[in-house]
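Only this structure's heavy atoms are used, side chains among them; waters, hydrogens and symmetry mates stay out. A quick note: this is a predicted structure, and the numbers were derived from the prediction, not measured.
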Amino acid sequence: MATTDDQVERVRALVASIPAGRVATYGDIAAAAGLSTPRTVGWIMRTDAADLPWHRVIGAGGKPAAHLADRQLRLLATEGVPIREGRVNLRAARFPFP
């Protein structure tokens, strides 16, 4: 997926700005970064997010990726994110980017 260094840095900065106890969707981040698709955010997160609070980024339906679900939900619960039946309550926990 073709991305510029500027796009990568915008996504990184947005993810870093999500406070503990809040979450954002891939689509939220894509919109705030001016990207055309949430898939670009997913690609950036997959390749360059080890030092970021990656667990605060979830799918649009409030569910984490299956291969990360247990770890991600455990980290979010520790931060006080409301979770019910394996899904984050986006109404309560979604972070509004400026």
Side-chain angles (χ1 to χ4, degrees):
M1 182 162 292
T3 58
T4 66
D5 289 343
D6 185 52
Q7 289 171 323
V8 170
E9 289 311 310
R10 278 197 316 259
V11 167
R12 288 180 51 78
L14 288 165
V15 172
S17 75
I18 304 167
R22 303 300 292 270
V23 298
T25 68
Y26 293 95
D28 295 338
I29 296 167
L35 300 174
S36 60
T37 176
R39 290 180 186 268
T40 302
V41 175
W43 180 84
I44 292 168
M45 294 295 295
R46 206 170 31 256
T47 59
D48 190 25
D51 61 334
L52 295 173
W54 60 268
H55 60 285
R56 297 179 189 149
V57 182
I58 59 170
K63 290 185 81 173
H67 68 288
L68 298 171
D70 290 339
R71 184 173 176 210
Q72 189 169 17
L73 291 174
R74 187 173 56 253
L75 290 168
L76 292 172
T78 300
E79 293 182 355
V81 173
I83 299 166
R84 184 165 184 236
E85 297 177 8
R87 188 180 304 261
V88 171
N89 179 340
L90 288 175
R91 267 194 186 173
R94 187 178 241 155
F95 178 68
F97 290 107

| request: Could you tell me which non-hydrogen atom of Ala93 sits nearest to which non-hydrogen atom of Val81, and how far apart they are? | output: CB-CG1, 3.9 Å
| If you look at every heavy atom in Pro53 and Ala16, which pair is closest and at what distance? | CD-CA, 4.2 Å
| message | Can you pull out every ring pair (Phe, Tyr, Trp, His ring centres under 6.0 Å) where at least one residue sits in residues 7-42? Sequence neighbours excluded, please. | response | none
| message | Please give me the minimum heavy-atom distance between Ala60 and Thr25, naming the atom from each residue. | response | CA-CG2, 3.9 Å
| Quick one: salt bridge (charged side-chain N to carboxylate O under 4.0 Å, His left out) partners of Asp5, sequence neighbours excluded? | none
| request: Could you tell me whether a side-chain N or O of Arg12 sits under 3.5 Å from a main-chain N or O of Asp51, the two making a donor and an acceptor? | output: no
| task | Taking the side chain as every heavy atom from C-beta outward, state whether Asn89 and Arg84 have any pair of such atoms under 4.5 Å apart. | result | no
| query | Where is the tightest heavy-atom contact between Ala33 and Val11, given as atom of each residue plus distance? | reply | CB-CG2, 4.2 Å
| said: Hydrophobic cluster membership, with links at side-chain heavy-atom distances under 4.5 Å among I/L/V/M/F/W/Y: are Leu68 and Ile83 in one? | reply: no
| query | What's the spacing between Ile29 CD1 and Thr40 OG1 if we round to 0.5 Å? | reply | 12.0 Å
| field | Single-linkage hydrophobic cluster, 4.5 Å side-chain cutoff, Trp54 and Ile18 together | value | yes
| task | Specify the closest pair of heavy atoms between Ile44 and Gln7, including all atoms of both residues, with the distance to one decimal. | result | CD1-O, 4.1 Å
| Which pairs, with at least one residue in residues 85-98 and sequence neighbours excluded, count as a salt bridge (Lys or Arg N to Asp or Glu O under 4.0 Å)? | Asp28-Arg94
| query | Can you hop from Leu35 to Val57 via hydrophobic side chains spaced under 4.5 Å? | reply | yes
| Val8 reachable from Met45 in the ILVMFWY side-chain graph, under 4.5 Å edges | yes
| field | Listed partners of Arg22 passing salt bridge (charged side-chain N to carboxylate O under 4.0 Å, His left out), at least two apart | value | none
| What salt bridge (Lys or Arg N to Asp or Glu O under 4.0 Å) pairs are there with at least one residue in residues 56-82, not counting sequence neighbours? | Arg56-Glu79
| field | Side-chain touch Pro64/Leu73, heavy atoms, less than 4.5 angstrom | value | yes
| query | If you look only at pairs with a residue in residues 58-98, which of them pass as a ring pair (Phe, Tyr, Trp, His ring centres under 6.0 Å), with sequence neighbours excluded? | reply | Phe95-Phe97
| request: May I ask whether Leu75 and Val23 are part of the same hydrophobic cluster, defined by side-chain heavy atoms of I, L, V, M, F, W, Y residues being less than 4.5 angstrom apart, directly or through others? | output: no
